[in-house]
Structures are given as C-alpha cells and as structure tokens.
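Data first, discussion second: the structure below is written as structure tokens.
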Amino acid sequence: MSTQINGFELMELGFPEGKIIGIALKINSKRHGLKRDEMITNFKSVLETPENYTDDAIFSKLAIALIEKANEKPEDFITLNQNPNTYSAYGLEHIEDGARKQMEVAMKLPVTVAGALMPDAHQGYGLPIGGVLATKNAIIPYGVGVDIGCRMALSVYDIPEDFYFENEAKFKRELVAHSKFGAGHGFQGQYKSDHAILENNAFNMNPFVKNLKDKAWSQLGSSGGGNHFVEFGIMEFAKDDAVLNIPKGKYVALLTHSGSRGMGATIAGHYTKMAKEVCKLPEVAKNLAYLDMNSQLGQEYWMAMNLAGDYASACHEIIHNKMEKALGATILAKVENHHNFAWKETWNGEEVIVHRKGATPAGKGVMGIIPGSMTAPGFLVRGKGEENAINSASHGAGRQMSRTQAIKNITKTEMQSILKDHGVTLIGAGLDEAPMAYKDINQVMEAQQDLVDVVAKFTPKMVRMADDGSRED
C-alpha cells in the first residue's frame, strides 16, 4: 500500500489549515481508484480552479468548501493583533519555518501575553510543538495538544551499572512483562490496575467525560503508541547531587514517556471542536480557538485537562511500582515532569495561563527530564527560571523528519545498524521512530544553556515501544 497523503503535505500544496484539510484527507482515505500522485495532481487542480469541480463526484465537497472560504468576510471573525509582541526563541537557526510561522500566528491572538519557542520545536497543529504561550484568562485546547499531560517519569535505582550488563535477560523479561503498548491496547479482567484516580469526582462532571471512564480504566498503566516508551538505561552523575542526595556514580534507571491515552485524545478533540464553534478565528489561526476561563466550557475543559493529566501520572506510577517490585530494587530518586498542559502562573505581576505544548517546565530549581532518542542520551536537568523562556525548556530532541519522511528515507538495516553501534536492545517501534528522525540532542542542549543546568546523563540501553509504531488513539 502506498504511503497516505498527510495534512502537512496538503498545507505545502497551499490548502489552508483547518476544516478544508479535513475534507481533503477524508477524500484521500477512500482514494477512489486513484494513485497517490494522481490524487495530488487532482488536489492541486481543485485548489487552483474549484469552480470546475462543484459537480464532480469525488471533489465537489472540497471545491465548495474552497469557494465558501474565498468568500468569507473579515468581519465574520475575531480580529488578530497585527502588531504583536515578539517572542523569545532558542536555537532558532535549527527550527523549521513552519514552526516559526505558527508561533507568529499564536502571538497575534488578542488573548496572548507572551510566547517562547524551544530549540526542539517543529510544526504541529495550532501551536507548534515546542511552543510556549501565555494568555490572559483564556485556555486553548490545541495549545495544550492532543496527548494531554504527556510526561516523563524517572526512577533511579540503587543498582550499579555492572549489574545491568550481567543480567540483561532479567531486565528484558521484566520490561516485557510489565509494560503494554499500542493504540487501543489495554488490560482486561484481573489484569486491570486499581488506582485512586478512578475515584476522582471529575469523572462525573458531565456525561461526555463520564463515558470515558471505562476505557480509561482498561488503559490504566499502559503506554500507547507513537513516540511513547519504557526503557532501562544508565544514569551517570558526574558529581554528587546534594538536593537528590545521590553520590557521584553510575546507576541503573527506568525512564518512561507516555500520556493520557485515549481519554486525553478524546477530550482534546471534543473541546477543540467546541472552542471553534464559540471562538471564530480567521482560518490561519483556527486551530488556536480558545475558551474564556470564566465560561462554563472553559471551566469544563480546565477540569477535564487536569483529570487527564492526573490520569497520565497514574499510568506512570503503576508502571514504576510494578518494575520496582519486580526488580526488588530501592529507588534513590524519582523525577516526573509533564508537557502538553496549561498552568496558572504569574507573569509580570499578573496571573496568566501558560500553555506548554511539547515544552518542559523549567522554573528555578524545578527538576525535569529531556530525552534524546533511543540511541542518544537524555538529561536530568534543573531549571534556571529564565523569564524570557517563560520558565520553560525543550521536551526532547525534536523531530527533524516527519513520520512519513522517516518511513520513506530510513531502511530497517540502517536502523538496526545504529542500534547495534550504540549497544541498544529495541523491542517494538517502527521506522518512524528511528534515531535519525530526531535532531541532535547535544545541539538542542547547547541552545538552552540559559534555561537549565544538567544534573546527570541518561544513556538508553533497552527500549520498548509500540510494536506497530502506531499513533495514539
């Protein structure tokens, strides 16, 4: 089967971000007997002369939507600020134009107070991944992102480095036994986990959220698809860390990355749709539709977002507890930080809502984990509280290839070769998660020396991801 056309490719052709892209993708999914190149040729033609396709059996809906878009009046929409404040950017020379342009649009929102772009930034939907945006009394569902509360969690064990290499088979057995991956995948019957999150009263806030509880229970303690992982590695402290009370040395550590599973994705989709209905922004800013924090919808989303974030944390807690018990290890330190979230914070003396979509909180003294790739080191960091960055840092290395580009350009042999060179055992993962698809983490860290101090370095040794490379559901 040939590779599907994606939304970013349609934007490159000139299609406006938003509803029209959705219509085109739906047409493409059926393919109608047309090859990929033929479909692209047709899309170009419809875009150039939609009036010629209003009666077409395949493309009429797309053509009509393009004509309606062309006839929209500016007064139908909320006015964007044409003289916005500038935003801070780190490692800008390595950030693609698409991400910069999305950040420029976000700065034009009438509710925007300040913005910053992290060095791992790349283009997303609405706010770029790696974008930080402070707003006044407004919450943007797509400024938070689809995988609400996605996070990193780290357990540093009292296990020396040598023990890992002497017992790799045991670590592999426990990693497979106590992690579960893949969109839609969850636990059934006696294998379901129990956790206080299931008693959270926010599940009863409305019928929509209440209906998500059964699926949330099934997926509790699982890790989903996409770039989510559970991995063992060696954590190296080059010097004693007094705050964590860990002496200089090398220790076995468990690092996990995942979010709020299907529940978070469903909440994001539902409230983004609601936001677009009540907040009519021009097409270029449509995915940045916001909800007033004083409105019922704004309060509903805020509660649902926090519930999803707490749920994501519970999933990590269950995985780490299972692994601690299986290994019989003592945990020397635990660190957890999240992104794809919004916080109430003080900025220049006033309360603002800070959205960090793929960005790590880095207030003064705040601990965080910034991973590289499955063959590149990650870093345990302590925030410096840099105000120009809105107390933020990158959430990883950031992609330099889209998933589609990675699948097209990277071979299985190349991926296996780089894993072997770095002594990494990989369980699962598709070519879209190959190390070469990511930016150089050392370059990213170099660009944010003013934002964080490095406390320790994590070197991955055994990584588990979704077998099918699937996206989150």
Side-chain angles (χ1 to χ4, degrees), residues 150-198 215-235 251-262 311-336 369 371 374-375 378 416 419 422-430 433 458-470 472-473:
C150 186
R151 64 192 59 221
M152 307 296 305
L154 172 76
S155 289
V156 182
Y157 301 119
D158 65 336
I159 301 175
E161 177 185 24
D162 290 348
F163 184 85
Y164 170 82
F165 293 108
E166 291 163 3
N167 296 274
E168 282 188 71
K170 175 180 171 57
F171 282 95
K172 186 172 187 178
R173 185 172 63 250
E174 304 302 355
L175 184 57
V176 172
H178 300 294
S179 61
K180 195 173 183 69
F181 286 83
H185 295 181
F187 300 95
Q188 303 300 325
Q190 64 178 335
Y191 299 104
K192 283 184 175 181
S193 294
D194 195 18
H195 192 279
I197 188 65
L198 296 170
K215 187 174 186 180
W217 186 16
S218 156
Q219 294 186 330
L220 186 61
S222 64
S223 300
N227 61 355
H228 295 159
F229 58 75
V230 178
E231 62 188 29
F232 285 116
I234 306 303
M235 180 64 76
Y251 306 85
V252 176
L254 177 74
L255 183 61
T256 55
H257 173 221
S258 60
S260 48
R261 299 299 327 267
Y311 172 80
S313 183
C315 287
H316 285 269
E317 184 182 340
I318 288 166
I319 296 166
H320 282 251
N321 286 349
K322 284 180 177 178
M323 208 67 77
E324 179 187 3
K325 186 177 178 182
L327 294 173
T330 297
I331 292 178
L332 301 177
K334 269 190 173 183
V335 176
E336 184 177 327
I369 308 113
M374 60 180 74
T375 58
Q416 288 170 341
L419 289 166
H422 287 81
V424 173
T425 300
L426 177 63
I427 307 162
E433 283 301 321
F458 175 86
T459 303
K461 286 298 166 189
M462 187 175 291
V463 181
R464 188 176 187 191
M465 304 182 81
D467 295 332
D468 54 2
S470 64
E472 190 53 278
D473 55 342

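The residues of the chain are indexed from 1 along the displayed sequence.
A distance of 11.0 Å separates CE of M462 from CD of E231, quoted to the nearest 0.5 Å. Taking CD of E168 as the reference point, atom NZ of K172 lies at 9.5 Å (rounded to 0.5 Å). Of the inter-residue distances, the one linking H178 atom NE2 with N321 atom CG reads 11.5 Å to the nearest 0.5 angstrom. Interatomic distance, NZ of K334 versus CD of E317, reported as 6.5 Å (0.5 Å rounding). The structure places CD of Q188 at 4.5 Å from OG of S218, a figure rounded to the nearest 0.5 Å. I234 CD1 to F165 CZ: the interatomic distance, rounded to the nearest 0.5 Å, is 5.0 Å.
Here the closest heavy-atom approach between residue I197 and residue A314 is recorded as CG2-CB, 3.9 Å. Of all heavy-atom pairs spanning A329 and I159, the tightest one is CB-CD1, 3.8 Å. Across every non-hydrogen atom of P371 and M152, the tightest pair is CG-CE, 3.8 Å. Taking every heavy atom of both residues into account, L175 and V463 meet most closely at CD2-C, 4.4 Å. Residues G221 and I319 approach most closely at O-CG1, 3.4 Å, considering heavy atoms. Nearest heavy atom pair, residue A466 against residue G225, reads CB-CA, 3.8 Å.
Side-chain N or O atoms of R261 include none that pairs as donor or acceptor with a backbone N or O of A216 at under 3.5 Å. A donor-acceptor pair under 3.5 Å is formed between the side chain of H228 and the backbone N or O of S223. Without hydrogens or angle criteria, E324 side chain to I331 main chain gives no donor-acceptor distance under 3.5 Å. Remark: the backbone N or O of L220 is paired with a side-chain donor or acceptor of Y311 at under 3.5 angstrom.
Under the side chain to side chain donor-acceptor pair (under 3.5 Å) criterion, T425 pairs with no residue, sequence neighbours left out. Residues passing the side-chain contact (heavy atoms from CB on, under 4.5 Å) test with K325, sequence neighbours excluded: none. Every residue two or more places apart in sequence or in another chain that forms a side chain to side chain donor-acceptor pair (under 3.5 Å) with H316 is listed here: T256, S258. Among residues two or more places apart in sequence or in another chain, the side chain to side chain donor-acceptor pair (under 3.5 Å) test is passed with S313 by E336. Residues meeting the side-chain contact (heavy atoms from CB on, under 4.5 Å) test with Q416, sequence neighbours left out: K412. For the salt bridge (Lys or Arg N to Asp or Glu O under 4.0 Å) test, residues two or more places apart in sequence or in another chain that qualify with K170 are E174.
The side-chain tip of K180 points at the ring of F187 from less than 6.0 angstrom away and within 45° of straight on.
Using cut-offs of 30° and 60° for the angle between ring planes, the Y164 and F171 rings count as tilted.
The shortest side-chain heavy-atom distance between Y157 and L327 falls under the 4.5 Å cut-off. Taking the side chain as every heavy atom from C-beta outward, M374 and F229 never approach each other to under 4.5 Å. Between S155 and M323 the shortest side-chain heavy-atom distance does not fall below 4.5 Å.
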Exercise for the section: Check the pair F163 / V252 against side chain to side chain contact (heavy atoms under 4.5 Å, CB included), numbers first and verdict last. Expected result: CA-CA 8 Å; F163 184 85; V252 176; 5.5 Å; no
